[in-house]
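Read the structure below first, then the notes.
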Amino acid sequence: MREKIIMPRLIYRTAAALCFGSLAGCSSFLDSPGAKADPNLPTGATTDQLFVGAQADIFAQQEGPLAMIACQWMQQCSGVNGRFVEQQDSYSVNAGTFDLPFQEVYSAGGLLALRTVQASAAAAGDKVYQGIAQVLEALLIGTTASIWGNIPYSEAVGSNPTPAFDDQMAVYASLQTLLDEAITNIQGAGPGPGAVDLFYAGNKTQWVQAAHTLKARFYMHTAEVLGAPAYTAARSAALLGISSPANDFRTTHATATSERNMWPQFQNTSFGPDLVAGKRLVDLMKAQNDPRLPEYFALAENGQYGGFDVTTGTTPGDQISALHGTRNSDTFRQPVLTWEENQLILAETNFQLAGPAAAQPFLDAVRTARGKAVVPATLQNIMEEKYIALFQNIEVWNDWKRTCLPTLTPALGKVRIPGRLYYGQTEEQTNPNTPPSSAQNLFTVRNPNDPNPC
Amino acid sequence: MNGLRKFVVAALVLTSLPALAQAQQPTTITGRVTAESGQPLSGATVFLEGTSVGSTTDENGRYSFQVPGARVSGQSARLTARRIGYTANSASVTLTPGEIQQNFQLGANPLQLGEVVVTGAGTSTEVQKLGTVRNTVSSELIVKANEPNIVQALAGKAPNVNVSQSSGDPGAGSSIRIRGMRTLNGSVEPLFIVDGVPIDNSSISTTNFNVVDVGGTNLPGQDNGGQLEGTSTPNRASDINPNDIENVEILKGAAAAAIYGARAGNGVVLITTKHGHSGPTQYRAASTWTIDKVTKFYPLQTKWGQGRFGVSPLPCEGFKATCLRSWGPEVTGPVYDHASEAFHTGGTSDNVLTMSGGNDRTTFLLSTGYNHANGVIVGPNNYYNRATARLSATHRLVDRLVVGGNFSYTDARGHLTQRGNNVNGLLLGLFRTPPNFNNQPYLVNGMHRTYNLQNPVLTNFSEDRVFNNPFYTIYEELNSTQVGRIIGSINSEYTANDWLKFNYTLGSDYGADERLEGCPQQCTDVAAGGRITEGKVVTHNIDHNLTATARHTFSDNFASSLTLGHNLSYRAFRTFSVVGRTLIAPKPFNILNTLTRDPPSDYQTEVRGQSFFGQSTFDLFNQLFLTAALRRDGSSTFDTNHRYANFPKASAAWTFTNVVNPANVLTFGKLRIGYGEAGQEPQPYLTSNTFSGSTLTGQIAQGTGFTPTQSGLGGLYFNVTKPATELRPERTKELEGGFDIGFFKNAADLSATWYNSRTVDVILVTPVSPSTGYQFEAKNAGIIDNKGTEFSLNLRPITRANYSWEISAGYGRNKSNVVDIAGAEFLLTDNNLISSVAQVGYPLGILRGNGWVRCGVSPNDVIPGIDLASVCAGQPHGATFIDDGNNCSPQPGMPCADDNIRVLADPNPKWTGNLRSNLRFGKITVSGLLDIKKGGSIINGTRGALYSYGTHKDTENRALCTGPNNVDCTGNLQAFGTANFYPGPVVGPGAGMQIPIGENWYRTSGLAACPFTGYDEPCVEDGSYVKFRELSLAYTFEGPFINRLFGFSSLDMRVAGRNLKTWAKYKGLDPEVGGVGGNINRVNGYDYFNLPLTRSFVISFGFNR
């Protein structure tokens, strides 16, 4: 039908154009609605729409390539079959590999969207909505800082075309302030996002707890440099953190193609079967007879659980488990911030500040909840428990960088496991403030919060 | 409308009076037209000056037509005979009732001096007055090419007009590049104009509809992740029946093309279709039959079976890494020829029927055509049919007003085969199948059997098959395209008086293409459970063009003309598509028969343009011809503050032989110089501020990602492209100069052209600092230079009545250089196997990737502990570093990897050329065409992958390896740098070391199987070729016996060959299989399991009456 209407209109316009004396009247020809503005995409977005998109961006960050590489480098997962997944296993990545994850921190549903949500919520007087968006900003930026170290933040998504890179420790400091403000806001007035909140459906208590656990996590990120004050601050925050597994901060997914959990999404591509279990984690869980084995992995062809050993590169195929445990479900809600992490932060901080006895109850609580026998609260036991509990979580990498636990042997032929990633070639190309490549070496350069290599 | 009506009435009143003459008996004028050599000239038009009364000559050069009695009053009139390539001749006749006999002898005019050629947008000029190089392709050359696709028929026809086809698949598209590439924004294809109306020549892959699996996008002309797969894609100019084409004029540089302003940056192809002539109705029925064969089968090894490290892996019942490849034991049982088993001899038939004729006031041409191409892939799903019908008519309403119209309809439909980087495609599974596995039968009890799932039973049949069985792809998949296309125009020409003429054309081009890709339930991988992609592409262009031309001859030494014009254009493009997954029932391939559906994709663009233009010519002393023109283009794609842009051109042609005429050597000489500016419009909507609902792709691989909509809640992302605040058209400024000379009494002519162009304001969708919240921003910031040389030489050593010999050669060289890309290190232009980029100081499209450690190429400290410079001291640039196993290579005697991305190769040809010879002996004509391309690298990814799979012929000679290291292998000792193994200079501690080469090198080293396992450089190959494009032998039977026998006046017969032979160093199937599909890519030169090309043997019969 559309075309039939246009033809006479064009003829009419054509006729109009024939009147040479009135050519000015033809100028509107260029400005028809379909030619002037993009008819394919909305030219405006509501707060709720941007907020849902921003949550999808958080899902992508927490389940996407960053989580995959952390899983591989922490030897919880491994890559086989000679394609890019296997190359990543031995740290073969370049500036292009993580271009998109870095870009998506800021653009699309990233910081730009969260800031817009905050501004419009504030303008509407909805403190709750504003506070929740602030928590997500803290999670987004803190995760980014934990991987890349110094990052653009204070000048990001503003008018400066080349934002400055802030010191990582300063970023953490401002995130603590942001989270404090967020906690106050969430407890303030306003309807909040309600049903469009895919984490907690607008439950303010849960958001406040998650914000405290996040604060504790970020204090822990500074502990390698700051020591006791960081542990103290983390412990105080964790005491107000997630109080039960029911309050865990998890992503939400549906069965639609691009709404599925990213792990099974990837497992269903042709590269998916290339990502398999890592030997270090499987062996640890087997040694502890951990009940989560069938949750994480499928039995290998030989009927056992087993993982690929990246340190030798020779594990036979029939001894390798696929990542096809019960977690491998399209709608699996990926844990991001959990009661277990919170408890184990309490265990670690108490261990560091007051010794094993103070740590013991928290470690016991986590193990008992999983039906595992109690073990002495050594730092190794605490960190190994956390290593198991936080499977597929980027935080495993941060814990290891800080504590070097569990002990890991680098991949075959490599002397060190990287402690960071390249910024991504786009930022490098476009922002002269990006540290030079010499300051980005994965093996020799440490992030400011992680001066000591393992 | 009122104005138009008045205009028509006035025209009638002014011009109809003289026609009211007294009725009388008609006059019949007959005669014969011959060349000076005595050769009869067919196809010459003979007409009465000032009227449309006339006719064309038949095969014997005879013509005959009748002047109606109403126009016969004993007056004298000028009768003129014209034919392309000959000087027109006139005679004065007195029109009296009865019969008049008038023969003509025409002098050869190979330079076509005096001929009028269209120069675009309603302008025309005489050949000798052109200030720019002219390239024309006649209908005769198009017919001889035997190509169903008009674009492919232009291959080897003009210097620096480079054509390449994407595959030999029926309907496969061809791309065309004129004088290199000048833009990074949208298409690099020229603008196609048919009878004055711009038409669509886009290529859209059905794969574009599948955003989830392949990261498709619907943007026309935009590269994306899916282009290495899908089916071969037609380019839409192939909807034109080549038999309908009278000639093609190619406007190459901006100096010629500027009359099309902001749409002419890539050049313009002006197609003029055939028209009827008054005289007896002529009929032509022609039938062409073609046998098509694969030009080359892939070299595969047939000695070693499935397995790894010499061990057979059986049973293979579902994905198992040891089953994938052919590194097993030597085959003892039967071997199967996977290189050829999926191919057979294809065939094409082409039937056309044309009727044309007319009388003193009306002419018509009605043509129908049916082209049926059966591809070279076995099975019923490899064909492309095109039916065309065309009517062209003119009617002289009154002496001064001619109205006419062209109307053509095309119905094209095909079944095509999945190709490329695609586990459900044909060649991935075919070429990777171990030689000891029989791909037949491909079904066992209805279950899909592959070499990775050899005995499917109910308990395992849902296991991963890794790749489709090629015959499953061939017989069970369905990929179809169905096109309806209408191109029509009406036009009128009003001659107000002897110096003023108006011309008006209103044209429309509407096309709808329905696509279906059906992967059945047992398809492999992402389509497991079956997948259906259904979509529609609709294009609609409307164009209005009005010109007024005034001519005045002030004196013998000064004549001038002025053309003013106005143009409106409307261009709409729309796609709508849905992908459905998991078929409920095995058939039908209908979107409703699926369990789940991806979000549908809906994309449309509308571009509107308004232009005013003027062109003025000055003819001075009948030897100096000046042309100046200005086009003022407005477009909806420009930003609102810069709605219009001006594109000037000026040229001068000086016929110096009118002043200095050196003896008999030079018969004609012309110097010409021209300058012009032409542009490229921005892609639509770059200035719009939008939010996106689509998936952010690439989050891990193969389209994984999240939509902003989640769990039933509608969400939006900020568009990653920042809306542009200022956007102007790109502007190519081009200066060209050259000469055209005819010498030895026109027995030879030479045309030479030099050009120098600079494209400024190139629109770069540049990455912006991601931390600003956006990823891209479009801005006018780039500068690209193109410089080149073109020569055409035609020799006519023998011209006799009974025999003649002509030989011609063309040479074109273009060198591009990226001057500025707004400070970026490089910008991606295509990214398929490896990156093709714009990088300052290099030709546009240069290929970047990683490679081996080489002297003078790799950084000095690339290998820890080695000072490369000192190792390389005195060694040639590019020498390969060979390690002894102690520094970088895991293996002694092997090269080392350099992870640094570097410029690897230039995919643009250094020069292209062609050589044509035409020999006529009586009624036999033999002609041949060689098409030559020098340089232009190709990324041969197929070879790299097949190295890894151990099925490539090169791997047949192999060491036996029981493990991944040299020490695990025995036999096939080779040293790098020797004549038969990676020849070239080598350095380093391992240089000259003989090592066993087998699975340890091809599969596990990661250095050979480019770019499959990482290092791109070994894939780069020279894409030079010499192709024996065309050979044809034609004979015309005529005379009374033909008439008695068949009732025809003549019967022409032709046997011909196409792509008969290719000489190339390229190790893949064909160096021309460089395109990725249609004309989608800017850069040709990617070969990843692309389908083979074909050679054809043709026989053709034409009956004329």
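Quick caveat, the model's predicted, so the values are computed rather than measured. The chains referred to below are lettered A, B, ... by the order of the sequence lines, with proteins before strands, and numbering in each begins at 1.
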> Heavy-atom distance under 4.5 Å to chain A: side chain of B:Thr637, backbone, both or neither?
Replying inline: neither
>> Between B:Ser636 and chain A, with a heavy-atom cut-off of 4.5 Å, which part of the residue counts as in contact: side chain, backbone, both or neither?
In response: both
> Given that the side chain runs from C-beta out, which part of A:Leu198 has a heavy atom under 4.5 Å from chain B: side chain, backbone, both or neither?
Replying inline: side chain
>> With a 4.5 angstrom heavy-atom cut-off, is it the side chain or the backbone of A:Gln103 that approaches chain B, or both, or neither?
In response: both
> Which bit of B:Val768 comes within less than 4.5 Å of chain A, counting heavy atoms only: side chain, backbone, both or neither?
Replying inline: backbone
> Where does the angle between the aromatic ring planes of B:Phe706 and A:His253 fall among parallel (under 30°), tilted (30 to 60°) and perpendicular (over 60°)?
Replying inline: parallel
> Does B:Gln610 use its side chain to pair, donor to acceptor, with the backbone of A:Leu30 at less than 3.5 Å?
Replying inline: no
> Has the side chain of A:Thr426 got a donor or acceptor atom that lies under 3.5 Å from a matching backbone atom of B:Pro767?
Replying inline: no
> What residue in B:Pro708, B:Gly715, B:Gly773 has the most heavy-atom pairs under 4.5 Å with chain A?
Replying inline: B:Gly773
> To the nearest 0.5 Å, what is the distance between CG (A:Leu112) and OH (B:Tyr717)?
Replying inline: 13.5 Å
>> Under 4.5 Å from any heavy atom of chain B, what part of A:Asn160 do you find: side chain, backbone, both or neither?
In response: backbone
> Between B:Arg643, B:Arg597, B:Glu825, B:Arg571, which residue shows the highest count of heavy-atom pairs closer than 4.5 Å to chain A?
Replying inline: B:Arg643
> Is it the side chain or the backbone of B:Phe826 that comes within 4.5 Å of chain A heavy atoms, both, or neither?
Replying inline: both
>> Is A:Ala256 close to chain B through its backbone or its side chain, or both, or neither, when contacts mean heavy atoms under 4.5 Å?
In response: neither
> So which of B:Thr709, B:Asn850, B:Asp464, B:Val607 has the largest heavy-atom pair count under 4.5 angstrom toward chain A?
Replying inline: B:Thr709
>> Any side-chain to backbone donor/acceptor pair from A:Glu259 onto B:Thr707? Under 3.5 Å, distance only.
In response: no
> Does the side chain of A:Thr252 come within less than 4.5 Å of B:Gln710's, by heavy atoms?
Replying inline: no
> So B:Ser771 and A:Glu427, side chain to side chain donor-acceptor pair (under 3.5 Å) or not? Walk me through it.
Replying inline: CA-CA 8 Å; B:Ser771 52; A:Glu427 190 76 32; 2.9 Å; yes
>> Can you tell me how far apart OH (B:Tyr603) and CG (A:Asp38) are? Round to the nearest 0.5 Å.
In response: 6.5 Å
> When you measure from the side chain of B:Glu606 to the backbone N and O of A:Lys36, does any donor-acceptor pair fall under 3.5 Å?
Replying inline: no
>> Given heavy-atom pairs under 4.5 angstrom as the criterion, report whether the side chain, backbone, both or neither of B:Thr596 touches chain A.
In response: neither
> How would you list, by chain and number, every residue that makes a side chain to side chain donor-acceptor pair (under 3.5 Å) with A:Gln49, sequence neighbours excluded?
Replying inline: A:Thr46
> How many angstroms lie between CZ in B:Phe718 and OG1 in A:Thr116, if you round to the nearest 0.5 Å?
Replying inline: 3.5 Å
> In terms of heavy-atom pairs under 4.5 Å with chain B, which of A:Pro163, A:Ser92, A:Pro152 leads?
Replying inline: A:Pro163
> When rounded to the nearest 0.5 angstrom, what distance separates CG in A:Asn81 from CG in B:Leu324?
Replying inline: 6.5 Å
> Between B:Glu777, B:Gln775, B:Lys320, B:Arg1003, which residue shows the highest count of heavy-atom pairs closer than 4.5 Å to chain A?
Replying inline: B:Gln775
>> Please classify the contact between A:Val196 and chain B as side chain, backbone, both or neither, with a heavy-atom cut-off of under 4.5 Å.
In response: both
